[in-house]
K.L.:
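Right, I'll just put the structure down here and ask away after.
Below, chains carry the letters A, B, ... as their sequence lines are ordered, and counting in each starts from 1.
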Protein chains: 2
Amino acid sequence: MTDGVDGGLSRTAGGCGRGVASAAAGALGGVNLGALRSHNTALVLDLLRTAGTEGISRLELAERTGLTPQAVSKITARLREEGLVAEAGRRASTGGKPRTVLRLVPEAGHAVGVHLDRDELTAVLCDLTGAVVAQRGTPLDLGAGAETVVERAVREVGALVAGGGRPGALLGVGVALPGPLDHRRGVLHRVTGLPEWNGFPLRDVLARRLSLPVVVDKDTNAAALGLAVGDEAAPFTSFAYLHFGAGLGGGLVIGGAVHRGTRTGAGEFGHQVVQLDGPPCGCGNRGCVEALCLAAVARGEPAEAARVLGVAAGNLVALLDVDLLLLGGRTVAAAPETFVRGVTAVLDERARRAGAEAVPVRLASGGERGVAEGAAQLLLAPLFGRAEG
Amino acid sequence: MTDGVDGGLSRTAGGCGRGVASAAAGALGGVNLGALRSHNTALVLDLLRTAGTEGISRLELAERTGLTPQAVSKITARLREEGLVAEAGRRASTGGKPRTVLRLVPEAGHAVGVHLDRDELTAVLCDLTGAVVAQRGTPLDLGAGAETVVERAVREVGALVAGGGRPGALLGVGVALPGPLDHRRGVLHRVTGLPEWNGFPLRDVLARRLSLPVVVDKDTNAAALGLAVGDEAAPFTSFAYLHFGAGLGGGLVIGGAVHRGTRTGAGEFGHQVVQLDGPPCGCGNRGCVEALCLAAVARGEPAEAARVLGVAAGNLVALLDVDLLLLGGRTVAAAPETFVRGVTAVLDERARRAGAEAVPVRLASGGERGVAEGAAQLLLAPLFGRAEG
DNA sequence: CTACTTTCGCAACGCTGTTGCCAAAGTGCA
DNA sequence: TGCACTTTGGCAACAGCGTTGCGAAAGTAG
């Protein structure tokens, strides 16, 4: 019952395994002392992570968390004992004893992130800070059947982990892939165009094969999580990530946490209808943004695609009142300025009419590796109190 | 510093006044023992509120919260001492000592809700359970100038409160009104069409005049909060409320809490663009749902209005993955079946194509008083741990 | 009447963050 | 060089939270 014996990492990892003593059991909401400790510890770890190599002092931690300095001292003392935190020099004095700088020990834990895309597999090994310490990639046909794909994934993850005798704990494996799925149970629905995946319990199968905790999520959600945890969206905590590659999708981050909705369906952006009775889309609807934007790109009119994307993005911003819009994906990367400017123009115009300030639009620099990194964050983020939306 | 001395209600009311000891001070996130107690107390109160007159036993409370029975006993003992909770009979025995049923004491506290609409003012006095115990209404011209409107509101609230010598504490006044505003600071932006309200610090002015805590929010948010707290949305905790009256607006509830966004702008549904380069709307955009739906209604084609509404609602459901759609407002009330069926049809079709289950569509029975009741909940809800989204 | 089940409070406990106090480690000035 | 002052941060005692062990209370079943 007590959770003090097992060393460090597993304690606050509420996302995958057993989680904290009793409070995390379901959405009950009752908070006991164990949960309180986990929460405050996660908060401190998150600030340490955000501080990066620069580090942060105990007193700053106290100010930022609202806890007393003494409470922070106790928490950091525990973390130092567990090897998650180390002292890293001291700041310049301001007339008294200089502050001791603390920093997260990156090697204290690792997580694997796997991106199963339609035509390739990317796997990364990340340390506690989210930095990639090893990477592998291989072509893959997601339609080649579950057994083949699982086999390949197991092999890649194995090779990645075997690479070096790392001291820290291996927290688990995060897997990101397209198509509707249930991230809570880790079961796939019908991955678009690949009916053989329907109902496949990917999480449990992989967890058994790897003997590691596994978390499964949509690719766009993973990408959004990666951006939320990184400093890409700073200083904002609510934003939308729009991914325009072979298709058009989105991920929502609200209050620093990914909003997945009840059925992991949230962020379904590509099939937002912006033209009543418009041209038919592959999904069966008419006038979807994805269809319109793809058509415009195919016609060689990226500016028009950007304008349409801007209209749909404007709808999203108006509906959710987020702070920021991040754009990414291959198609955007092909003409980044066109898309950022085009979307910005629509949003600016709309904000101007409403008498409000426009929401900034930025390019998500993540690149192709971003989804895999975000997948690793599915295991890392819970340590820092960024579990669910 | 200790918060044990002041009796009961003010302690957990984190939404308006000073809030709990230290944890509520900003979005710091550090949780101390006082905050933990408040949280668990609020949780218990919420379950008691939900149980209504039927009541709930200590052991059920323990099961539902995840706390131990003994912890629940301590919490309820405090609440009974403070007069918020009372014993109310006992259940049938299941072979041993029968469970004692507890219930919330409705008269232990009250809150006023004021709905400032464009042409009328509705004010209600609600008890702890949210039930209306007194009501007043008067015609009002929201464009008659700030001083006049404030004066009228003060008089109405005064008359409502003076009505009876109620024993319980008066928690404060919630005010709901249209147009963009900042609910955190209680300052209005430009209420649509009424520029003289621009920048008016309604919350502080009213709080000073009434010597009561005041909370200000958008009318649609208040309505959504009222629905979230009532049993209208049960058993779902994430839903969208679409209000189609003189205009078209929305309120979002995610995980039981109202999602307001960073600038209280979330839920802006009327000006979602669903027809690229469609007919111009008063807001300056083209092809807004509101414009299209209003035009259809004006043409005497409510079914077409329902279809368009359904398309926009489908976008919302796809984007947020909520559990439920609630429809309300005068225009809907004029042809309820047409709208519920029309919207349902669009959602069903879309869900069928996606191979998912359709989100249910219901009529929000709130009626015209719903917004005022929701406004009162702006003060009541924080007691039950339903503060922010 | 006895045995059993179930509810629920009392008392002791472990753990949390908090408070009071003091040592440590600097700066600034005489 | 030495002293006063400022600031950091640990030690110890403390109050308050939920938890555990146990027993009284209040029913049912035979």
K.L.:
My understanding is that only one of L45(B), T41(B), V85(B) makes a side-chain contact (heavy atoms from CB on, under 4.5 Å) with I75(B); could you say which?
P.N.:
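Of the listed residues L45(B), T41(B), V85(B), the side-chain contact (heavy atoms from CB on, under 4.5 Å) partner of I75(B) is T41(B).
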K.L.:
Determine yes or no for a side-chain-to-main-chain donor-acceptor pair under 3.5 angstrom, with S38(A) supplying the side chain and G34(A) the backbone.
P.N.:
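Side chain of S38(A) to backbone of G34(A): a pair is present.
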K.L.:
Check this one for me: any side-chain N or O of R91(A) less than 4.0 Å away from OP1 or OP2 of dT8(D)?
P.N.:
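Negative; the distance criterion is not met.
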K.L.:
Taking R386(B) for its side chain and D46(B) for its backbone only, find out whether a donor-acceptor pair lies under 3.5 Å.
P.N.:
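No, R386(B) side chain to D46(B) backbone: no donor-acceptor pair under 3.5 Å.
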K.L.:
Let me know, please, whether I75(B) or S57(A) comes out on the 5' side of the other along DNA chain D by nearest nucleotide.
P.N.:
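Of the two residues, S57(A) wins.
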K.L.:
Less than 3.5 Å between a donor and an acceptor, one on the side chain of Q70(A) and one on the base of dC11(D), is that the case here?
P.N.:
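Such a pair is found, so the answer is yes.
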K.L.:
Any side-chain N or O of N32(B) less than 4.0 Å from the OP1 or OP2 oxygen of dT18(C)?
P.N.:
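Looking at the OP1 and OP2 atoms of dT18(C), one of them is under 4.0 Å from a side-chain N or O of N32(B).
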K.L.:
Atom CD of E63(B) and atom C1' of dC8(C): how far apart are they, to the nearest Å?
P.N.:
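The distance from CD of E63(B) to C1' of dC8(C) comes to 15 Å, rounded to the nearest Å.
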K.L.:
Just to confirm, is there a sub-4.0 Å distance from OP1 or OP2 of dC17(D) to any side-chain nitrogen or oxygen of N40(B)?
P.N.:
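Checking N40(B) against dC17(D): no side-chain N or O falls below 4.0 Å of OP1 or OP2.
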K.L.:
State whether T68(A) places a side-chain N or O below 4.0 Å from either non-bridging phosphate oxygen (OP1 or OP2) of dT19(C).
P.N.:
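No.
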K.L.:
Provide, to the nearest angstrom, the distance between the CZ atom belonging to R90(A) and the C1' atom belonging to dG26(C).
P.N.:
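R90(A) atom CZ is separated from dG26(C) atom C1' by 9 Å.
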K.L.:
Using a 4.0 Å heavy-atom cut-off across all strands, classify L33(B) as base, sugar-phosphate, or nothing.
P.N.:
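Since a base atom lies under 4.0 Å of L33(B), the category is base.
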K.L.:
Tell me what P69(A) touches on the nucleic acid: a base, only sugar-phosphate, or nothing, going by heavy atoms under 4.0 Å.
P.N.:
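Since no nucleic acid heavy atom lies under 4.0 Å of P69(A), the category is nothing.
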K.L.:
For R184(A) and T262(A), indicate whether the former's side chain and the latter's backbone hold a donor-acceptor pair under 3.5 Å.
P.N.:
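Checked: pair present.
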K.L.:
For R80(B) and dC8(C), give me the distance from atom CZ to atom C1', rounded to whole Å.
P.N.:
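Those two atoms, CZ and C1', are 11 Å apart.
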